[in-house]
Each structure stands twice: as structure tokens, then as C-alpha cells.
Engineer: 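Before we start, here is the structure in question, set down as C-alpha cells.
Proteins come first, then strands; the chains are lettered A, B, ... in the order of their sequence lines, and each starts at number 1.
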Amino acid sequence: MTVRTRFAPSPTGFLHIGGARTALFSWAYARRHGGSFILRIEDTDVARSTPEAVQAILDGMQWLGLAHDEGPFYQMQRMNRYKEVIGEMLAAGTAYHCYTSREELDALRAEQEARKEKPRYDGRWRPETGKEFPAPPSGIAPVVRFRNPQDGIVAWDDQVKGRIEFANCELDDFIIARADGTPTYNFCVVVDDHDMKITHVIRGDDHVNNTPRQINLLRALGAPVPEYGHLSMILGDDGQKLSKRHGAVSVMQYDDQGYLPEAVLNYLARLGWSHGDEEIFSMEQFVRWFDLDHITASAAQFNTEKLNWLNAHYLKQADPQRLAAEAGKRLVRQGVSFEAGPDASRVATLHRDRVANLNELADAMHPYFAPPTPTPELVAQHLTEPALKGLAALRTRLADCAWQAAELGQAVKQTATEAGMKMPQLAIPLRVVLLGLPQSPSIDAVLEVLGRERVLSRLEQALQS
RNA sequence: GUCCCUAUCGUCUAGAGGCCUAGGACAAUACCCUUUCACGGUAUGAACCGGGGUUCGAAUCCCCGUGGGGACGCCA
């Protein structure tokens, strides 16, 4: 049997971190077993679905590199198929028309809640042998309800949570087609999962309660029941649940914040899944190791600090060209270009292991490509008389120094010694002059990368004022 | 209210009845490295929700409680 998984978001917003992890796990499971990963857009909620949201989801998937093998399929384009199946169910008696109005339903719910019962449809239009019905009220377009079994239990062996059972009497006859004829969620999912031959449904925890209904529907259709694996939710950094109002952000926002997709992926993979003590691994390794047995059944709290650590790790080993390009994109937005500056990938190499994200990298690279702008406090604190004297001597020495880190380092050291200064007493003012900051990578490396001309002119500038 | 799920360091987790004096990682703390800031290295502190069982033996199995979460739509 070929494994077929799917990711089925509804396009009512961006792809957030929880959805991304669900997609990642579904994708990895298919990859792991040489199967297919299908993308399906569940856009039957016409009022809330938007093309922008579809695009946002596609963008998020692409940024993460989670490529689908089939699709995207759009449920709105499958209406005829749904209607066909509804017709079949009506004919087979596994579904029926219900003329209960919304007002009656509201009243029913209110009564049940008053009696502290679980609100549910009472089956008043459910056909039973020997049951008499009034004439269908005119002017009310009926909905179609699924004739759910009333006895026994529905159970499945959840791939992450273990065996889950529901008593059928807890389930009511839910609506599968609205009064206007459009099918509803549980129904579309079942028809699609069946038609698309999905073998493993990996989805969020919030669908556990839908699963028994879907299984019953599948059985009514005579369709095989796939395996189900329900992923617990991801909580925010503060332990609160994520929602549009609270902490749920688009995966693309991680891009904005300077995270590398491989860091986000590695973090997400490790959130709710484990492989012994492994913390850092590539997607190739992840796919090789991934299994449903090692997924945690309980909710996990998102930890930005650990993501930061992973991001810093991947930054350290990322290709300098790529880092330079990413930092460049960010600098251009600030009106800074690489045009007249030093080799950007060398600058990136100098800074990539001292920053936690691409935005910090861009900030660190900024003064190499634009005039440094030390604060007045820094100037006052570091560009003192003795420091300036030292810098003047250094400028002279640098003018005809071989432009290589070792020599440059020697030059700084000697200048400091001759001026009776400790290294930091000269190196820090030099940093302020060259980069506008009191800290930087090793000063000899900074000098080398910045280049003779820029160094000398920046020194000149500082000594004149 | 009803149903369903869930519970190991602050956080992510390892743990399939004896390998547990409960392991790793992030974070924290200390020290080392060092021309600054970082990186890095070393070390330290830090947990089995509570109560009952089962068993020679329970973090691991069962029950009850408690906490947390989800669901109960002509949303998905």
C-alpha cells in the first residue's frame, strides 16, 4: 500500500506555526514511506475563504520547502462530486432531509442546555420504520443529515494517542448539506479523503471529535477507513493557547524576523516529536527518522529561545553568499547598498557566528557599507585625547602596512605598545571610528575586510573632527 | 453541563516494569578562552501532579481525584 497523506488547510488566514507543523509531519510521513503528499484547500466556507489566504498558505509552504506531490485541489471545484454522493446517500437511506428550522434548532439547544445536556439534534426527521412524519413544511428548504448509527461504539487506534472510543449515542445526525445544497466540512473531508485515497490522516488535535463522525460516514459509503494521527496543539511562549488575537503568527513572519527556514523546520520537527537525544538534524535525517510512534500526545509550549539557538546554529554554517544576499535584501530596505563596499560575503562570514538572526546580521553589516554613526556618548567616552593620538600613530603605520590580518594585528599591537596603551585602549576607539560601535569581531579581521582605503579615510575623518 | 484527550527539570523532551543515584537540549548560574562583544569549552543547580491499587519491584500498568486542553455550528 502506498502511503498518501494530505495537508488540508482552510484559506481563512495565513499559515501559522501549528499548521506548518501539521504540514511538516504529513509531508515527512509521506516522504519517509516513499508516498505522496497532497495539498487540498478546504474553501467551502465561501464567506471566510479568500484568494489572499490561499496565496499566503502557498507562500508559507514554499518558504518552508514543503513541496506537495499532488494538488492543490480546491473543494469548491468538486461540488458536483459532493452532490453526486449526497444523492447516492439519500437514495440509499444513509442520509435524509430535515426540515427543522434554525429557530427550532435554537430552541432545542436552549432547552438542552437548560437541562445541562449536550446540545444535539434530536432526530425528529430521522426516518425510522413505522415512524409517521407531518407533511414537509412549505417554504423551508431542507438540509441533508447523515443517519448516524445510534448503537455501539466507534473506535480507532490513533497513531499518536492510542485507542480512542466514542459511543455512537454521543453523536447526532449532523448536517452534510446546507439548505442551499452546499456540502459541509465533515462530509467533504470524507469524500475527498476517500477519492484521493488518503491512507494516513495526520491533523490537529481539534479534529479528534470529528473523527468518529467521519469514520461512520466512511462506513456508510462502504469506503475503507484510513489511519488517523492527531497532533496536540502548540501553545504560545507564555503557555497560553495560540489564537488570532494572541500570538498566532504567520510562518512568513519568521522570515521577516530573520529566521532561516531550516531552523524553523528543525525546531518544529523537534516540538512534539523526538529521536532519542537528537536536537540538530537536516530534513534528510528527519525524513529518515520520522515516525508516528515518537510523537508526544500532550500539548507543547513554543520556546522562542530554543528557536533562536537553532537559528544561530544554522547561521554559523550557512553559505556566506546566501547570508550576504539575505542581509542585502534587508539593507536595501534601509537604503543601504553593497555597491561601493567591501566583499559582502566576507563581512557576513565575519559576523555570522555572532548574531541570532538575519536582521541582526544586516545591522552588523550596515556600517561596512555606510558611514559609521557612533553616538555622541561613544565619541565622548572613547575618542579621548590619548586615544586620538594613538589612532593618529596607527594611521601612519597602517598607510604602508601589508593588508593582511596578521600584519594588521601586529600593527595595532605595536602602536598600542609604543603609545603605552593596553590593546583595548586603542582597539575600542578604533572600532568606534571604523564601525561606530565599541564591539566588533577581531579588530585585525575587521581591518582586513574593510580594506585600506576605507580604513584610512574613516580614520582621517575622525582625526579631523 | 456532556463527551474526548492529556500530565517527567522554567521550556522541549528521553524513558515500552528492574539498565533511573531519572538522561539530553534550550534557558539560568559559575569558571575557562579572549584585544572588545560574541562564539566556543567545562562545570553546577533544576523534574516523574496527588491518592489508591497490581507486582518481589512502578516515572512506566489500572482506578479515582486534580490541573491543562479540545469538541459540542446550515465554521473548517
Engineer: Could you work out which one of U6(B), C74(B), C12(B) sits closest to the side chain of Leu271(A)?
Structural biologist: C12(B)
Engineer: Any side-chain N or O of Ser274(A) below 4.0 angstrom from OP1/OP2 of A14(B)?
Structural biologist: yes
Engineer: Given C74(B), G1(B), A76(B), which nucleotide is nearest the side-chain atoms of Glu42(A)?
Structural biologist: A76(B)
Engineer: Within the structure shown, what part of the strands sits under 4.0 Å from Ala297(A) by heavy-atom distance: base, sugar-phosphate, or nothing?
Structural biologist: sugar-phosphate
Engineer: Pick base, sugar-phosphate or nothing for Ile164(A), based on heavy-atom distances below 4.0 Å to the nucleic acid.
Structural biologist: sugar-phosphate
Engineer: Applying the Watson-Crick and G-U wobble criteria at under 3.5 Å, what pairs with C49(B)? Answer none if nothing qualifies.
Structural biologist: G65(B)
Engineer: Give one of base, sugar-phosphate or nothing for Asn210(A), where a contact means two heavy atoms less than 4.0 Å apart.
Structural biologist: base
Engineer: Using a 4.5 Å cut-off on heavy atoms from C-beta on, say whether the side chain of Leu39(A) contacts that of Trp27(A).
Structural biologist: no
Engineer: Between Arg109(A) and G73(B), does any side-chain N or O lie under 4.0 Å from OP1 or OP2?
Structural biologist: yes
Engineer: Measure CH2/Trp309(A) against P/A28(B) and give the value in whole Å, please.
Structural biologist: 14 Å
Engineer: Nearest to the side chain of Ala300(A), which nucleotide is it out of U35(B), C12(B), A76(B)?
Structural biologist: C12(B)
Engineer: For the pair made of NE2 in His313(A) and P in A25(B), what is the distance, rounded to whole Å?
Structural biologist: 14 Å
Engineer: Determine the contact category for Thr211(A): base if any of its heavy atoms lies under 4.0 Å from a base atom, sugar-phosphate if only primed atoms, P, OP1 or OP2 are that close, otherwise nothing.
Structural biologist: nothing
Engineer: Once hydrogens and angles are ignored, does a donor-acceptor distance under 3.5 Å link the base of C39(B) to the side chain of Arg354(A)?
Structural biologist: no
Engineer: Could you give the distance from NZ (Lys389(A)) to CG (Leu394(A)), rounded to the nearest 0.5 Å?
Structural biologist: 15.0 Å
Engineer: Give the rounded distance in Å between these two atoms: CZ of Phe174(A) and P of A71(B).
Structural biologist: 17 Å
Engineer: Keeping the roles fixed (side chain from Arg21(A), backbone from Leu271(A)), state whether a donor-acceptor pair exists under 3.5 Å.
Structural biologist: yes
Engineer: Suppose we call a contact any N or O donor and acceptor under 3.5 Å apart; does that hold for the side chain of Ser442(A) and the base of U35(B)?
Structural biologist: yes
Engineer: Measure from CG on Asp158(A) to C1' on A71(B) and round the result to the nearest Å.
Structural biologist: 15 Å
Engineer: Could you give the CZ-to-P distance, from Arg102(A) to C74(B), as a whole number of Å?
Structural biologist: 8 Å
Engineer: How long is the line joining CG of Leu171(A) and C1' of U2(B), in whole Å?
Structural biologist: 13 Å
Engineer: Could you check which nucleotide pairs with C20(B) in any of the strands shown, counting Watson-Crick or G-U wobble with both distances under 3.5 Å?
Structural biologist: none
Engineer: Give Gly272(A) one of three labels, base, sugar-phosphate or nothing, depending on what nucleic acid heavy atoms sit under 4.0 Å from its own.
Structural biologist: sugar-phosphate
Engineer: Counting distance alone, no hydrogens or angles: does the base of U2(B) have a donor or acceptor under 3.5 Å from a partner atom on the side chain of Arg115(A)?
Structural biologist: no
Engineer: So, Asn311(A) versus Asn357(A): side-chain donor-acceptor pair below 3.5 Å or not?
Structural biologist: no
Engineer: Which nucleotide, if any, forms a Watson-Crick or G-U wobble pair with G1(B), using both distances under 3.5 Å?
Structural biologist: C72(B)
Engineer: Can you say whether a donor on the side chain of Glu279(A) sits under 3.5 Å from an acceptor on the base of G24(B), or the other way round?
Structural biologist: yes
Engineer: Over how many whole Å does the gap from Trp273(A) atom CH2 to U11(B) atom P extend?
Structural biologist: 22 Å
Engineer: Pro261(A): which residues meet the side-chain contact (heavy atoms from CB on, under 4.5 Å) condition with it, sequence neighbours left out?
Structural biologist: Trp63(A), Arg322(A)
Engineer: If you only use heavy atoms from C-beta on, which nucleotide in A25(B), C5(B), U35(B) is closest to the side chain of Ala427(A)?
Structural biologist: U35(B)
Engineer: Say whether, by atom type as modelled, one donor and one acceptor occur between the side chain of Arg330(A) and the main chain of Glu326(A) under 3.5 angstrom.
Structural biologist: yes
Engineer: Under the rule syn = chi within 90° of 0, otherwise anti, which is C39(B)?
Structural biologist: syn
Engineer: Determine whether a donor-acceptor pair (N or O, by modelled atom type, separation under 3.5 Å) exists between the side chain of Asp158(A) and the backbone of His230(A).
Structural biologist: yes
Engineer: Ignoring backbone atoms, test whether Arg145(A) places a side-chain nitrogen or oxygen under 4.0 Å from the OP1 or OP2 oxygen of G73(B).
Structural biologist: no
Engineer: What distance do Glu103(A) atom CD and Leu108(A) atom CG have between them, rounded to the nearest 0.5 Å?
Structural biologist: 13.0 Å
Engineer: For nucleotides 16-19 of chain B, which of its nitrogen or oxygen atoms have a protein nitrogen or oxygen under 3.5 Å away, and what is each distance?
Structural biologist:
none

Engineer: Report yes if a side-chain nitrogen or oxygen of Ser440(A) is closer than 4.0 Å to either non-bridging phosphate oxygen (OP1 or OP2) of U36(B); otherwise report no.
Structural biologist: no
Engineer: Lys316(A) side chain: which of C4(B), G40(B), C72(B) is closest?
Structural biologist: G40(B)
Engineer: Give the rounded distance in Å between these two atoms: CG of Leu378(A) and C1' of C37(B).
Structural biologist: 13 Å
Engineer: Students often get this wrong, so: under 4.0 angstrom with heavy atoms, is Thr12(A) touching a base, only sugar-phosphate, or nothing?
Structural biologist: nothing
Engineer: Using a cutoff of under 3.5 Å, can you pull out all pairs of nitrogen or oxygen atoms linking the protein to nucleotides 67-70 of chain B, with atom names and distances?
Structural biologist:
residue: G70(B); atom: OP1; partner: Lys241(A); partner atom: NZ; Å: 2.7
residue: G70(B); atom: N2; partner: Asn209(A); partner atom: OD1; Å: 3.2

Engineer: With rounding to the closest Å, how many angstrom separate the P atoms on G41(B) and C33(B)?
Structural biologist: 16 Å
Engineer: For the side chain of Asp277(A), counting heavy atoms from C-beta on, which of G23(B), C12(B), U35(B) is nearest?
Structural biologist: G23(B)
Engineer: Are Asp180(A) and Arg178(A) ion-paired here, with the side-chain N under 4.0 Å from a carboxylate O?
Structural biologist: no
Engineer: Taking the minimum atom-to-atom distance to the side chain of Gln439(A), which one of U13(B), U36(B), A76(B) wins?
Structural biologist: U36(B)
Engineer: Is Lys306(A) touching bases, backbone alone, or none of the nucleic acid, heavy atoms closer than 4.0 Å?
Structural biologist: base
Engineer: Is the backbone N or O of Asp173(A) less than 3.5 Å from a side-chain atom of Arg145(A), with the two atoms forming a donor-acceptor pair by type?
Structural biologist: yes
Engineer: Which nucleotide, C74(B), U13(B), A25(B), lies nearest any side-chain atom of Arg270(A)?
Structural biologist: U13(B)
Engineer: What nucleotide, of C12(B), U13(B), C75(B), holds the atom closest to the side chain of Asp45(A)?
Structural biologist: C75(B)
Engineer: What does Glu165(A) touch in the nucleic acid at a heavy-atom separation under 4.0 angstrom: a base, only the sugar-phosphate, or nothing?
Structural biologist: sugar-phosphate
Engineer: Please step through ring pair (Phe, Tyr, Trp, His ring centres under 6.0 Å) for the pair Phe25(A) and Phe290(A), ending with a clear verdict.
Structural biologist: CA-CA 8 Å; Phe25(A) 285 10; Phe290(A) 185 67; 5.1 Å; yes
Engineer: Would you classify Phe302(A) as touching base, sugar-phosphate or nothing, given that sugar-phosphate means primed atoms plus P, OP1 and OP2, and contacts are heavy atoms under 4.0 Å?
Structural biologist: nothing
Engineer: Please determine if Asp172(A) and Lys118(A) form a salt bridge, counting it only when a charged side-chain N lies under 4.0 Å from a carboxylate O.
Structural biologist: no
Engineer: Can you tell me if Asp106(A) has over 12 outside heavy atoms packed within less than 6.0 Å of its CG?
Structural biologist: yes
Engineer: Considering only C72(B), U35(B), C26(B), which nucleotide approaches the side chain of Lys118(A) most closely?
Structural biologist: C72(B)
Engineer: Taking any heavy-atom pair under 4.0 Å as a contact, classify Pro441(A): base, sugar-phosphate, or nothing.
Structural biologist: base
Engineer: When all nucleic acid strands are considered with a 4.0 Å heavy-atom cut-off, which category describes Arg120(A): base, sugar-phosphate, or nothing?
Structural biologist: nothing
Engineer: Could you tell me whether Pro424(A) contacts a base, only the sugar-phosphate backbone, or nothing, with contacts defined as non-hydrogen atoms closer than 4.0 Å?
Structural biologist: sugar-phosphate
Engineer: Would the distance check show the side chain of Arg270(A) and the main-chain N or O of Glu278(A) forming a donor-acceptor pair, the cut-off being under 3.5 Å?
Structural biologist: yes
